[in-house]
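First up is the structure itself, then whatever we jot down about it.
Predicted model only: the values in this text are computed from it and were never measured. Letters go in sequence order (proteins before strands), and every chain restarts at 1.
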Amino acid sequence: MSVKKKVIDRGLVYELLKKVPKGRVTTYGALARAVGHPDSARAIGALMRSNPYAPTVPCHRVVYSDGRLGGYGGIKGLGKKARMLAREGVKVKNGRIVNFEKHYFEIPQTLSSYP
DNA sequence: AATATGGCACAAA
DNA sequence: CTTTGTGCCATAT
């Protein structure tokens, strides 16, 4: 099998993230998995951190697998992140998403076998 | 090129 | 439920 690509496709990550509907949230691990890198959860965060496509990519909809918010430029950004999520219908309580499973949106792994 | 940092995830205690 | 330790990958300097 021709396995050539080792690095994550940033464009693909952003595309998938953009596919996340409003009022729903996903996790870094899920995103990593969707792009074909099940162990690159952290890398996803790194890509978000760079955030080259600022408001184009809803990086604020990406949270920890535990249901917590995660980062967003530090503890300061968390408040803003929580507010944005709450505004979209995702209630955040004490830095944790309420009914996380309910708002969780698993990204279709259809593009996992992307060249 | 190498080191340090970081917006993660999971298991074990 | 909280804390510790380990793995994994991208970016910045």
Side-chain angles (χ1 to χ4, degrees):
Chain A
M1 315 298 275
S2 29
V3 183
K4 49 227 337 219
K5 121 164 94 73
K6 179 86 141 179
V7 293
I8 298 181
D9 293 88
R10 299 202 246 140
L12 185 55
V13 176
Y14 302 134
E15 291 300 305
L16 291 173
L17 183 52
K18 288 196 306 191
K19 285 180 173 115
V20 177
K22 190 167 76 164
R24 288 283 184 281
V25 290
T26 186
T27 69
Y28 298 95
L31 257 152
R33 195 178 300 186
V35 296
H37 291 254
D39 294 316
S40 309
R42 234 172 176 173
I44 301 298
L47 301 181
M48 301 294 109
R49 185 184 174 209
S50 270
N51 203 4
Y53 296 91
T56 311
V57 177
C59 33
H60 61 271
R61 288 187 194 146
V62 189
V63 296
Y64 271 40
S65 62
D66 298 81
R68 292 189 278 188
L69 293 188
Y72 203 72
I75 189 67
K76 297 172 16 174
L78 289 183
K80 194 166 121 165
K81 182 174 184 178
R83 198 168 79 165
M84 281 192 291
L85 290 173
R87 199 189 158 275
E88 299 197 346
V90 182
K91 308 266 175 52
V92 179
K93 195 66 165 179
N94 197 18
R96 285 251 288 107
I97 294 182
V98 182
N99 302 322
F100 173 59
E101 300 181 14
K102 229 184 185 71
H103 297 294
Y104 185 79
F105 174 82
E106 187 168 3
I107 298 177
Q109 309 173 358
T110 314
L111 301 178
S112 308
S113 308
Y114 196 87

What integer distance in Å separates [X]:[atom1] from [N]:[atom2]?
X: A:L85; N: B:dG7; atom1: CG; atom2: C1'; answer: 13 Å
X: A:Y64; N: B:dC8; atom1: OH; atom2: P; answer: 4 Å
X: A:L69; N: B:dG6; atom1: CG; atom2: P; answer: 19 Å
X: A:R10; N: C:dC9; atom1: CZ; atom2: C1'; answer: 13 Å
X: A:L47; N: C:dT11; atom1: CG; atom2: C1'; answer: 9 Å
X: A:Y28; N: B:dA9; atom1: OH; atom2: C1'; answer: 12 Å

When the nearest nucleotide of DNA chain C is assigned to A:D39 and to A:R49 on a heavy-atom basis, which residue is associated with the more 5' position?
A:D39
Given the structure, check if the side chain of A:R42 and the base of C:dG7 hold any donor-acceptor pair shorter than 3.5 Å.
yes
Find the partner of B:dC8: check Watson-Crick (N1-N3 plus N6-O4 or O6-N4) and G-U wobble (N1-O2, O6-N3) distances, both under 3.5 Å, and reply none if neither fits.
C:dG7
Heavy atoms of other groups near A:K102 NZ, more than 12 under 6.0 Å
no
Respond yes when some side-chain nitrogen or oxygen of A:S65 is under 4.0 Å from OP1 or OP2 of B:dC10, and no when none is.
yes
Under 4.0 Å between any heavy atoms, over every strand shown, what does A:G73 touch: base, sugar-phosphate, or nothing? Just pick one.
base
Judged by atom type as modelled, is there a donor-acceptor pair below 3.5 Å linking the side chain of A:K81 to the main-chain atoms of A:V62?
yes
